[in-house]
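See below for the structure under consideration.
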Protein chains: 4
Amino acid sequence: MPKIVDEQMREATRQHIIHEAAQEFARLGFDQANINLIAEKAGIGKGTIYLYFENKRELFLAMLRFIAQTQLAAIRGALAQNGDLQTRLEQLFLAFVRLAEEESDSFNVYMSALYGVNRAFRTEATKLLRDYVAVIAMVLEEAQAHNEIHIDDVDTTALMVLSLTESFILSARVLGQSQQNLMAQATRTAQFILQGLGATRQPEEV
Amino acid sequence: MPKIVDEQMREATRQHIIHEAAQEFARLGFDQANINLIAEKAGIGKGTIYLYFENKRELFLAMLRFIAQTQLAAIRGALAQNGDLQTRLEQLFLAFVRLAEEESDSFNVYMSALYGVNRAFRTEATKLLRDYVAVIAMVLEEAQAHNEIHIDDVDTTALMVLSLTESFILSARVLGQSQQNLMAQATRTAQFILQGLGATRQPEEV
Amino acid sequence: MPKIVDEQMREATRQHIIHEAAQEFARLGFDQANINLIAEKAGIGKGTIYLYFENKRELFLAMLRFIAQTQLAAIRGALAQNGDLQTRLEQLFLAFVRLAEEESDSFNVYMSALYGVNRAFRTEATKLLRDYVAVIAMVLEEAQAHNEIHIDDVDTTALMVLSLTESFILSARVLGQSQQNLMAQATRTAQFILQGLGATRQPEEV
Amino acid sequence: MPKIVDEQMREATRQHIIHEAAQEFARLGFDQANINLIAEKAGIGKGTIYLYFENKRELFLAMLRFIAQTQLAAIRGALAQNGDLQTRLEQLFLAFVRLAEEESDSFNVYMSALYGVNRAFRTEATKLLRDYVAVIAMVLEEAQAHNEIHIDDVDTTALMVLSLTESFILSARVLGQSQQNLMAQATRTAQFILQGLGATRQPEEV
DNA sequence: TATGAATGAGGCTTCATTCAT
DNA sequence: TATGAATGAAGCCTCATTCAT
């Protein structure tokens, strides 16, 4: 069945292009990134890229969707583990720190899309933001079911948790803090959030 | 002394160009914005812009610096008023909401620069971020002097406060929440922060 | 002998490609026509077309030759019937009207080639023009043998007859006249030509 | 008043570009013609051409309109002179021969547009065809007023006259006849047409 | 000082053609 | 023989920047 092999090859090439594209887009942004250079770095011909993506914009969106999947999977993985809310919030924080560091290209591209001016990209990036909020909301509801906390508006609170986590890391990176430094803040930030939520049983009081 | 008058005229024109540039840059981003169109909207010749700014990039940076000054002034103004920490944090929050709404062009441009990929712009935008942190740190230290709170690392905490505030607003806007909705969150967010900080006297307990 | 069957198959495929090519070339012209699309419409692979034709240009020329054969056969058929010159000129006119209508793709392609700018194509198209003139010259000579007319320069006159017939139809089509309208002009145009030739016995005087 | 000088300069440049464009379009056709080469031949920068014409297509159309004006003026001039119908038809014929020879670029471009496949161009070229027919129809009506001829459908007859004249010349050129040869056919073709029209007083009978 | 016509580098995209399977 | 994925030359067009006026 060469069909399946071909299909696998095609998908592999697609992923490869997306990977190279992410590097270029992260380095230069959408407009300054050069399709020809992406093709060259991917080791394929200029025209070949158009066999996989309709145009530059679609390549960017495909890359964005791929990044979103990857990042969401990482976050879901971090929150999947059992533990009390404090632990899970720490995991969330650490997962974001890791993403920002290890997938910094993706992270940058994603943030650019989210807070940048291109509406088409923002729409796509926003989907991931919603997914993040949903995942965190679910964690909060579980904590609530276990009487760890009591909150009125779960979604807004989830947004607050996400914002704090993400933006804290982003700002810290912009200000030049090391990954080491950042990770050390995990417990503290989780405490901050828990206390902010008025957790019924605050960890350090146990 | 026509020299001074000329100098005033020149500065006025400069500000005018920056103002029009901000609109275009906010609308389209750095790359998609068109220098010729900015000149046209500013009512000056295409070449004239280069008598005020070396090139497109310098125009963008000049605009960024202007925005930074304006925004920082707004934030300083909000925090200048007397009151307890809760009140001041609410003011900080409200000031950001207003900025995001009333100076949305500037706000967008600034966020793009901060989280975007162009290093030159990020460097400039980061300066504002540092200034923000410094202002908030000062407020926190005052509150500490008044025994309202006790915190170890003032700078990190200030960053946390800023991150939460700014990112919360940014995310809420991306998710489509109205200014009304946002403003209603001021008290709640301030409480969240205060509790997170482990404030010695939590407002609702009074 | 599978050899012959193969040869027939090959020729059939060739004709099929030419047929589809004619539609595309007629619709879009040589440059805008897309080889890949022609292959697709012909139900064969992109590469296969190059097993039958050296390149796009040769495909176009082959198509042109095929069209020329078809059209010349139609004209010969129209003029083969017995009758006086008036009748035969009417038949000639009607044959062109039919060609322009029923084989409009071919007709368009042919006219484009003849009056277009590509020298290679014009050369090929000119061959058909010469054949047309030759066929009409023969008819004129027969009429002369029957004392229907007397003309000095048979070739030039034949060219005149062809020009008038063909161009009249072409112009009428360009101006949007219907096939019905055009066909009604057959007798009149034939008379016009005959009178123009100074026919010894003009039909309407009989 | 630099405005007028500038306006004249601008128009001169425009005409110059059109002139160079006509050569390239006549030589290679619309698709094969190269905008960059046209600019180079016109002695201007690549981008400059777009200050005068929106895009390649508009340049082609502008050129077509210019050609149409020029050709129609030539034809009108030829028919403006007094004289009987025979003389005027000869002048028409000679005018077309001259156009085909002296303005062969324009003539080719025009014919390509008229009989080619690009609809947009055909529409524009058709306008000239209508103008031609109108001018000839006017001449025929004058002749009719002078009792030189009697015709029922002036427009159709005018189309016939135009078709014969134009196509005869076109075909003769395609077949390689010299301008000398062609011009010698003027009287003969005019007679052919007059007789075809059933002129009341045929020249050779006088 | 102010202008805007002119420039040309640069980039996305198309598509005829090739070639490994 | 048939295929279609891959190629890369080629070209239209944009726009930041220059410079003569």
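The chains referred to below are lettered A, B, ... by the order of the sequence lines, with proteins before strands, and numbering in each begins at 1.
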Fill in the blank from the handout: Under the rule of Watson-Crick or G-U wobble with both distances under 3.5 Å, where | means paired to another strand and [ ] a crossing pair, DNA chain F maps to .||||||||||||||||||||
Fill in the blank from the handout: 5'-most to 3'-most nt of DNA chain E touching chain B (<4.0 Å, heavy-atom partner on protein side) reads E:dA2 to E:dA5
Exercise for the section: Inspect the surroundings of CD in A:Glu40 and state if more than 12 heavy atoms from other residues, nucleotides or ligands are less than 6.0 Å away. Expected result: no
Handout entry: Separation between CD1 of C:Ile17 and CD1 of C:Ile44, rounded to the nearest 0.5 Å
Key = 3.5 Å
Handout entry: Pairwise salt bridge (charged side-chain N to carboxylate O under 4.0 Å, His left out) hits with a residue in residues 15-30 of chain C, at least two apart
Key = C:Glu24-C:Arg27, C:Glu24-C:Lys41
Problem - Residues forming a ring pair (Phe, Tyr, Trp, His ring centres under 6.0 Å) with C:Phe121, sequence neighbours excluded - result: C:Phe30, C:Phe60
Completion exercise
Here the distance between atom P of F:dG11 and atom CG of D:Leu28, to the nearest Å, is 10 Å
Practice task
Working to the nearest 0.5 Å, report the span between CG of C:Leu72 and NZ of C:Lys127.
Solution key: 13.5 Å
Fill in the blank from the handout: Of D:Phe30 and C:Arg10, the one whose nearest nucleotide on DNA chain F sits closer to the 5' end is C:Arg10
Practice task
Would you give the length of the straight line joining atom CD1 of D:Ile18 to atom CD1 of D:Ile67, rounded to the nearest 0.5 angstrom?
Solution key: 9.0 Å
Fill in the blank from the handout: So, with a heavy-atom separation below 4.0 Å from DNA chain E, the residues of residues 32-59 of chain D are D:Ile44, D:Gly45, D:Lys46, D:Gly47, D:Thr48, D:Leu51, D:Tyr52
Exercise for the section: Inspect the surroundings of CD in A:Glu11 and state if more than 12 heavy atoms from other residues, nucleotides or ligands are less than 6.0 Å away. Expected result: yes
Handout entry: C:His19 atom NE2, neighbour heavy-atom count above 12 within 6.0 Å
Key = no
Fill in the blank from the handout: Residue set satisfying ring pair (Phe, Tyr, Trp, His ring centres under 6.0 Å) with A:Tyr110, at least two apart, ordered chain then number -> none
Exercise for the section: Mark yes when over 12 heavy atoms from residues, nucleotides or ligands other than B:Arg10 sit less than 6.0 Å from its CZ; otherwise mark no. Expected result: yes
